[in-house]
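In this text the structure is predicted, and so the values were computed from the model without any measurement.
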Amino acid sequence: MEHDLPNLQTDPAKAAAPAAKRSRRPAEQARRLILDAAEKRLAEQGPEGIRLQDIARDIGISHPAILHHFESREGLVRALIERASQQLRDTLLNAFEVTAAGQFGASDVISKVFEALSDRGTARLWSWLHLTGRELEHDVSTHLVGEMSERLHSLRILQAREAGLPEPEWEDTLFTAILVASTAFGDAIIGQRLTAGSVEGADGRARFRRWFAKLLMERNFPGRQPRVG
């Protein structure tokens, strides 16, 4: 006995059904998602945690898709550090603008440096790049200390004039900025081990940061009370 079967070639219902389209993210959105996932792994595992297959799995894309946007793992690493450098610059400039507007919080600027370099793993990635000779073509960090020093120096001059004190020397401000950057880098690389082995309490690292911010505030902005979280 024959059974009536639908003719798939002529069935109107089948013919009218459109083929399913595979959704694709815009290029900039895809790059941002990949960089976000890479930054998360960097913060949790360090540079060795930046593995393309793992990142692809984290956000549900293929390994070749990452290569399409960044060409290689090294290309992804370079893009990540360039974005981190630019974000640090924008964050610090904004913090200086808020401070200059009267909401004084130079210690907040210091906290932002520690957060960006240490907590996100950026300093470890920077160190890895420089130690292995992988210099960036457009590295914002090379000019960041000088730019931040200029902003800091303007604030110190303004405060000194208001207090009737001698204006600070430029080199003193520059060395202060270098000290902050160097300390933040050291905190990122070995800070956890140093404080865990010598400072009592689980929040020893945070207490060191607050102490350091207070120390710099008292030296560079005498009479001002630091706002330290």
Side-chain angles (χ1 to χ4, degrees), residues 39 42-43 46-47 77-100 104-159 168-196 198-199 204-222 224 226-229:
E39 183 180 283
L42 172 65
V77 168
R78 289 177 179 274
L80 182 62
I81 196 68
E82 287 174 359
R83 186 178 78 157
S85 300
Q86 189 61 52
Q87 288 176 341
L88 174 61
R89 178 183 181 275
D90 294 343
T91 298
L92 294 183
L93 286 178
N94 180 69
F96 274 114
E97 288 175 1
V98 171
T99 300
F104 196 85
S107 59
D108 294 336
V109 177
I110 296 171
S111 297
K112 293 294 184 183
V113 174
F114 274 89
E115 177 186 345
L117 292 180
S118 182
D119 298 345
R120 296 180 185 175
T122 307
R124 283 193 286 173
L125 187 57
W126 251 331
S127 300
W128 176 77
L129 284 172
H130 290 295
L131 289 173
T132 55
R134 293 174 169 87
E135 298 296 331
L136 296 175
E137 184 177 352
H138 303 290
D139 189 355
V140 177
S141 66
T142 57
H143 307 291
L144 191 57
V145 169
E147 190 172 8
M148 294 304 103
S149 297
E150 292 176 358
R151 300 297 179 103
L152 176 61
H153 198 58
S154 296
L155 289 175
R156 294 186 70 199
I157 290 176
L158 179 63
Q159 192 274 335
E169 297 181 1
W170 160 250
E171 191 170 81
D172 184 74
T173 301
L174 175 61
F175 286 172
T176 297
I178 293 175
L179 175 62
V180 173
S182 299
T183 304
F185 263 89
D187 177 76
I189 303 300
I190 200 172
Q192 185 66 43
R193 181 178 295 275
L194 288 177
T195 54
S198 57
V199 182
R205 197 174 179 188
R207 288 180 6 240
F208 164 72
R209 293 182 182 186
R210 291 195 294 269
W211 172 87
F212 183 65
K214 181 180 179 181
L215 178 69
L216 291 179
M217 286 285 293
E218 291 174 348
R219 184 184 187 282
N220 291 281
F221 299 96
R224 295 277 191 169
R227 295 193 296 114
V228 183

**Q** Rounded to the nearest 0.5 Å, what separates atom CG in L215 from atom CZ in R210?
**A**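 It is 15.0 Å, given to the nearest 0.5 Å.
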**Q** If you look at every heavy atom in L42 and R124, which pair is closest and at what distance?
**A**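 So the minimum-distance heavy-atom pair works out to O-NH2, 3.7 Å.
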**Q** Rounded to the nearest 0.5 Å, what's the gap from NE2 on H153 to CD on E169? Could you check?
**A**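 Rounded to the nearest 0.5 Å, the NE2-CD separation comes out at 9.0 Å.
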**Q** Does any non-hydrogen side-chain atom of M148 lie less than 4.5 Å from one of V180?
**A**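 They are not in contact (no side-chain heavy atoms under 4.5 Å apart), so the answer is no.
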**Q** What verdict does the side-chain contact (heavy atoms from CB on, under 4.5 Å) test give for T183 and F212, after you've listed the backbone C-alpha separation in whole Å, the side-chain angles of each residue and the deciding distance to 0.1 Å?
**A** CA-CA 9 Å; T183 304; F212 183 65; 3.5 Å; yes
**Q** Quick one: does R205's side chain have a donor or acceptor within less than 3.5 Å of a partner on D187's backbone?
**A**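 Side chain of R205 to backbone of D187: a pair is present.
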**Q** What distance separates F175 CZ from W170 CH2, expressed to the nearest 0.5 Å?
**A**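 Rounded to the nearest 0.5 Å, the CZ-CH2 separation comes to 10.5 Å.
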**Q** Looking only at non-hydrogen atoms, find the nearest pair between S127 and I189 and report the distance.
**A**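 Looking at all heavy atoms of both residues, the closest pair is OG-CD1, 3.8 Å.
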**Q** For the CG atom of D172 and the CZ atom of R156, what is their distance to the nearest 0.5 Å?
**A**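 Atom-to-atom, D172:CG and R156:CZ are 4.5 Å apart.
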**Q** Do S149 and V145 touch side chain to side chain, with heavy atoms closer than 4.5 Å?
**A**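 SC-SC contact between S149 and V145 confirmed.
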**Q** How many angstroms lie between CD in E82 and CZ in R78, if you round to the nearest 0.5 Å?
**A**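 If we round to the nearest 0.5 Å, E82:CD and R78:CZ are 8.0 Å apart.
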**Q** How many angstroms lie between atom CG of L216 and atom CH2 of W211, to the nearest 0.5 angstrom?
**A**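 Output value for this atom pair is 8.5 Å.
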